[in-house]
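Please read the structure below before turning to the comments.
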Amino acid sequence: MAVETFKEKISKLASEKKSGWEEKAKWRKANRHWLLKSGAIALRILGALKEKELSQIELARLLFISPQQVNKIVKGQENLTLTTICKIEQVLGIELINVETFAAVKDGKKNIVKHSPE
Amino acid sequence: MEIITIFEGRLYAAKFLDNPDEFEKAFDSWSDIEYLLRFFEEHQEDLEAGFYNKITVYEAAQATLHEAALFENEILIACQKNQLDQLFRNLHHKLFFRLQIPKKKAYGTEVHSWLRIYALQIEDVYIITGSSIKLTKTMQERMHTKQELAKLAICSDYFKSESINSKEALLEIVI
């Protein structure tokens, strides 16, 4: 069977619909950095839910958001805002991100002054 | 079963029932942390069997997320450069006869990758039939990988009957 003949055949055989993969793959590539962080956050949340024996529906109720939104968060596919992250941290009693706050920086400076040479 | 175009004349995928096509489904699953964690919890014994150095389910889910991203990018580039032959190799290492429609597999990018994409090759065209996270030595050992062998066989039979035996039947399917 000639290559062209087979290619013609499979083109005819193939559905009119095109796969959604290429578009999704390009989107995932463009958003890779935050998607990987979102995935790591999702894992922490799923771990905490298991430990506290809480369901996603109960978490949604505690956060005043829809169960669908919680499901998107635990799939690691939500571009979370700091407001949502802080709310989840408070509700579950876990730390999701750790950035030096003003108080921590101030404490650090105090230590530097204390230990600097005369 | 439907055949869905991914890259015209190069890459196609089988679509079963109401699911997304098998290629789209693979990367949707591998970028879904909830799915990955559930999968590795179900297959925790295989993870703890020693080959993967007793990795935890959380580490396995995160490693898969990272690797799937690299694998997806590799395939995207291979499609664009028409280099799919470099990704796919024979499904069976020791094959003493030539299959009419060769069964192929592509591995993830890491050395001991557990990500697999399964395909049939006809001329220089690949038709994706499924995917798996393979944690055991053989595909026959676990139900989810056994199902992938069955899907390869179903698709191979479908192509043999439709492409070779009857042009009329082929046209009926197109309509």
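Given the structure is predicted, the values throughout are model-derived calculations rather than measurements. Note: hydrogens, waters and symmetry copies are ignored here, and every other heavy atom, side chains too, is used.
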Handout entry: Part of A:Lys72 lying under 4.5 Å from any heavy atom of chain B
Key = neither
Problem - Toward chain A, the part of B:Ala69 with a non-hydrogen atom under 4.5 Å - result: both
Handout entry: Separation of A:Glu22 CD from B:Glu24 CD (nearest 0.5 Å)
Key = 11.5 Å
Problem - Lys/Arg-Asp/Glu bridge criterion (N-O < 4.0 Å) met for A:Lys29, B:Glu72 - result: no
Exercise for the section: Below 4.5 Å from any heavy atom of chain A, which atoms of B:Glu22 appear? Answer side chain, backbone, both or neither. Expected result: neither
Handout entry: Gap separating the OH atom of B:Tyr12 from the OG atom of A:Ser19, nearest 0.5 angstrom
Key = 12.5 Å
Problem - Connected via hydrophobic side-chain network under 4.5 Å: B:Met1 and B:Leu149 - result: yes
Exercise for the section: Using only heavy-atom distances, determine whether the side chains of B:Asp32 and A:Gln77 contain a donor-acceptor pair under 3.5 Å. Expected result: no
Problem - Minimum side-chain heavy-atom gap B:Ile33-A:Lys75 below 4.5 Å - result: no
Exercise for the section: Select all residues of residues 78-97 of chain A having any heavy atom within less than 4.5 Å of some heavy atom of chain B, and report them by number, or 'none'. Expected result: none
Exercise for the section: Please report the C-alpha distance between B:Glu34 and A:Gln56 in whole Å, then the side-chain angles of each, then the deciding distance to 0.1 Å, and finally whether the side-chain contact (heavy atoms from CB on, under 4.5 Å) criterion is met. Expected result: CA-CA 11 Å; B:Glu34 188 190 23; A:Gln56 289 181 31; 2.6 Å; yes
Handout entry: A:Trp21 vs B:Leu76 side-chain heavy atoms within contact, under 4.5 Å
Key = yes
Handout entry: Single-linkage hydrophobic cluster, 4.5 Å side-chain cutoff, B:Phe71 and B:Ile77 together
Key = no
Exercise for the section: Would you indicate whether the side-chain heavy atoms of A:Leu36 and B:His66 approach each other to under 4.5 Å? Expected result: yes
Practice task
Could you look at B:Glu59 and say if it's the side chain, the backbone, both or neither that has a heavy atom under 4.5 Å from chain A?
Solution key: neither
Problem - Pairing of A:Arg28 and B:Asp28 as salt bridge, 4.0 angstrom limit - result: yes
Practice task
Could you check if a side-chain atom of A:Lys50 sits within less than 4.5 angstrom of a side-chain atom of B:Glu41, using non-hydrogen atoms only?
Solution key: yes
Handout entry: Part of A:Glu23 lying under 4.5 Å from any heavy atom of chain B
Key = neither
Problem - Joint hydrophobic cluster, B:Tyr107 plus B:Leu65, side-chain heavy atoms closer than 4.5 Å - result: no
Handout entry: Between CG on residue B:Leu37 and CG on residue A:Leu46, distance to nearest 0.5 Å
Key = 5.5 Å
Handout entry: NZ (A:Lys37) with more than 12 external heavy atoms under 6.0 Å
Key = no
Handout entry: Linked, directly or transitively: B:Trp30 and A:Leu35 (ILVMFWY side chains, under 4.5 Å)
Key = no
Handout entry: Cluster link B:Phe40 to B:Ile55, ILVMFWY, side chain under 4.5 Å
Key = yes
Completion exercise
d(B:Leu70 CG, A:Arg32 CZ) to nearest 0.5 Å is 7.5 Å
Problem - Heavy-atom pair of closest approach, residues A:Lys18 and B:Thr5 - result: CG-O, 3.4 Å
